[in-house]
Structures are given as structure tokens and as C-alpha cells.
Amino acid sequence: LAGHDPLDPTTADRPVPDYTATIDQGIEGRRIAVARTYFFDDCGPGVADAMGAAIEVLSSLGAVVEDVDIPGMAESRAASTLIISVEAAARFGREVREQPEAFSDELREAITMGALFTAEHYLLAQRVRRRLCDSTTRLFAGYDGVVMPTQAVTAGPIDDDPPGHGLLRWRNTEHFDLTGLPAISIPCGFAGDGLPVGLQIASNAFDEAGILRIAQAYEQATEWHLKHPAID
């Protein structure tokens with residue numbers, strides 16, 4: 001989605017560029033950071049291996065690759081959880097009270113928890129969000145893109161999810177949801193269980209063209225986007 005909508009005060013009033021104008025120009029000399037701390041924590045072995053291979057591909061294409069730490073991840077998770085819970089409670093609180101059976105246990109608990117926070121809690125979380133937006137933007141200004149696993153683990157059976165896997169599914173994406181920064185996920189391999197692994201590429205606000213350029217270069221150098229997991 002791009003472009004200003006006069007009926008939506010949250011949209012940015014700025015020209016929409018041609019996102020594909022530089023998509024085939026390659027990434028030689030582009031600076032790409034690898035966010036290892038936090039984002040690689042508790043990664044399944046297959047996920048870590050696929051990411052390592054993907055980073056080598058980016059380097060082979062001429063990118064300057066270096067590690068970077070994105071600070072404030074614990075605060076980001078806390079602020080994100082609180083804001084989502086409060087806003088969900090504001091929207092679905094009555095439905096949960098009147099039709100609790102219509103919601104999963106996990107979702108019902110999250111919405112119920114959101115109703116327990118105060119306005120002060122919500123405003124403080126929004127202040128943390130604003131500070132994280134500023135600090136992440138300053139950090140990303142030195143790079144053309146930042147990469148990490150899209151998810152730390154591969155998909156699991158919905159009725160037999162290993163403990164803790166639920167949180168790991170969105171952990172690596174929620175910081176960019178919270179800060180409003182663009183990110184893309186592209187296939188970068190398969191884990192030992194035969195399930196796909198995603199490479200997430202993030203960047204600063206309104207740099208979708210830069211993200212697409214990195215993604216295109218990677219896809220042109222690999223064939224993971226053409227392969228499919230084996231289904232029993």
C-alpha cells in the first residue's frame with residue numbers, strides 16, 4: 001500500500017516512487033547489516049544454516065556485509081505486546097465478554113489482559129515506541145538493508161505446537177510492525193524437517209525500492225523461490 005488517502009490521517013502525504021526503477025541494478029557495494037543479537041536467538045539449526053548460506057550469497061554479489069545490534073529489543077517486545085493487547089481489547093472486548101467461545105484460548109487471554117492496562121500504561125508504551133522508531137531509524141541510516149531470519153523456527157502442527165514456538169513465530173517481525181519500517185520476507189532454503197525458511201530484509205521508512213533491489217538480487221542468484229516443500 002502506498003500513497004496518501006485523504007480519508008486516512010495515518011497515511012503519508014508524499015509522492016509514490018517507481019519501486020522497480022532500480023530493482024535490477026544489483027547490490028555490489030551496498031552496505032547490508034546482519035542483526036544477529038536477539039533475532040538469531042533460539043533459532044532452529046536448519047534456520048541458522050539457511051541464513052548463513054544466504055548471507056554468503058549476499059557477500060558474493062558484492063555487498064559489504066557486517067554485523068549490527070539493534071538496541072531495545074526487550075522494550076520493543078513489551079511495548080508491542082501491550083499496545084496490541086490494549087487496542088484489541090478496545091475493539092473486541094465486548095465480543096469476548098458476550099461470546100467467549102468464539103475466540104481461541106490464546107486470543108481470548110490476550111484481549112482480556114489488554115483490558116487490565118491503564119491509559120498511563122498505554123501512553124508510556126507509545127512513548128517507548130516513538131523512541132524506538134527514532135533510534136532504529138538512526139541506526140538504519142548507515143545501511144542499505146538489514147537482514148535476519150523471518151522466523152526463528154519453522155512451522156509446526158497447529159494442534160501440537162512445541163512450547164514457546166508461538167512467540168518465536170512473530171518475534172523477528174514485530175519490531176518492524178511496531179516502528180512502521182518496511183520489511184520483506186523471501187525464501188532462502190529449507191530446514192532439516194523439509195519446511196521453508198525465510199530471509200527477512202528491513203530498511204528505513206519509505207525505502208521499499210532498496211529492499212526490493214536486495215531481494216531481487218538474491219532471488220536472481222538462487223532458486224529457492226522456485227522450490228516447494230515436500231508434502232506427505
Side-chain angles (χ1 to χ4, degrees), residues 27 32-61 63 65-70 73-74 76-78 80-81 84-85 88 103-111 113 143 145-179 181-203 208 211-232:
I27 58 173
I32 298 177
V34 182
R36 294 188 186 277
T37 303
Y38 180 82
F39 294 95
F40 278 72
D41 293 350
D42 302 313
C43 266
V47 175
D49 291 342
M51 280 300 304
I55 293 166
E56 289 183 5
V57 170
L58 295 174
S59 295
S60 72
L61 294 173
V65 179
E66 60 187 58
D67 290 356
V68 69
D69 286 340
I70 304 177
M73 289 300 98
S76 177
R77 161 145 282 193
S80 178
T81 301
I84 290 173
S85 297
F103 296 81
S104 67
D105 292 342
E106 184 179 26
L107 184 57
R108 186 171 58 250
E109 290 172 4
I111 294 174
M113 179 181 68
Y143 300 98
V146 181
V147 300
M148 70 285 291
T150 304
Q151 292 185 168
V153 293
T154 56
I158 194 170
D159 58 349
D160 187 28
D161 212 16
H165 272 212
L167 293 176
L168 289 175
R169 299 208 189 289
W170 65 79
R171 182 197 67 190
N172 285 6
T173 61
E174 69 178 343
H175 181 67
F176 308 108
D177 297 332
L178 180 72
T179 56
L181 298 180
I184 190 173
S185 177
I186 56 175
C188 70
F190 294 90
D193 56 10
L195 294 173
V197 178
L199 167 68
Q200 182 172 220
I201 309 167
S203 190
E208 285 84 355
I211 290 176
L212 292 173
R213 180 172 169 176
I214 297 172
Q216 173 77 347
Y218 178 81
E219 284 201 343
Q220 292 299 304
T222 62
E223 295 186 349
W224 296 118
H225 60 292
L226 302 176
K227 300 181 183 298
H228 301 276
I231 300 176
D232 293 333

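Model, not experiment: these values are computed from the prediction. What's counted below: heavy atoms across the whole structure, side chains too, no hydrogens, waters or symmetry copies.
Between M51 and G198, the shortest heavy-atom distance links the atoms SD-O, 4.2 Å. Between V197 and G46 the shortest heavy-atom distance is CG2-O, 4.4 Å. The two residues P149 and Q200 have their closest heavy-atom pair at O-NE2, 3.9 Å. Summarising the geometry of V47 relative to Q151, their closest heavy-atom pair is CG1-O, 3.6 Å, with the distance given to 0.1 Å. Residues I27 and A217 share a closest heavy-atom pair of CG2-CB, 3.8 Å. Nearest heavy-atom pair across P229 and G194 is CB-O, 3.4 Å.
Rounding to the nearest 0.5 Å gives a distance of 11.0 Å between OG of S85 and CD of E109. The OH atom of Y218 sits 10.0 Å away from the CG atom of L61 when rounded to the nearest 0.5 Å. How far CD1 of I55 is from CD1 of I32: 10.0 Å, rounded to the nearest 0.5 Å. Distance CG/N172 to SG/C43: 6.5 Å, rounded to 0.5 Å. In this structure, CG in L58 is found 7.5 Å from CD1 in I214, a value given to the nearest 0.5 Å. With values rounded to the nearest 0.5 angstrom, M148 atom CE is found 9.0 Å from L199 atom CG.
The shortest distance between side-chain heavy atoms of D41 and M73 does not fall below 4.5 Å. The closest side-chain heavy-atom distance from T150 to T173 is below 4.5 Å. Looking at heavy atoms from C-beta onward, K227 lies in side-chain contact with F190 at the 4.5 angstrom threshold.
Between the side chain of R77 and the backbone N or O of E174 there is no donor-acceptor pair closer than 3.5 Å. Of the possible donor and acceptor atoms, none in the side chain of E219 sits under 3.5 Å from a partner among the backbone N and O of H225.
Between F39 and F176, the ring planes lie parallel to each other; the angle is under 30°, not in the 30° to 60° tilted range.
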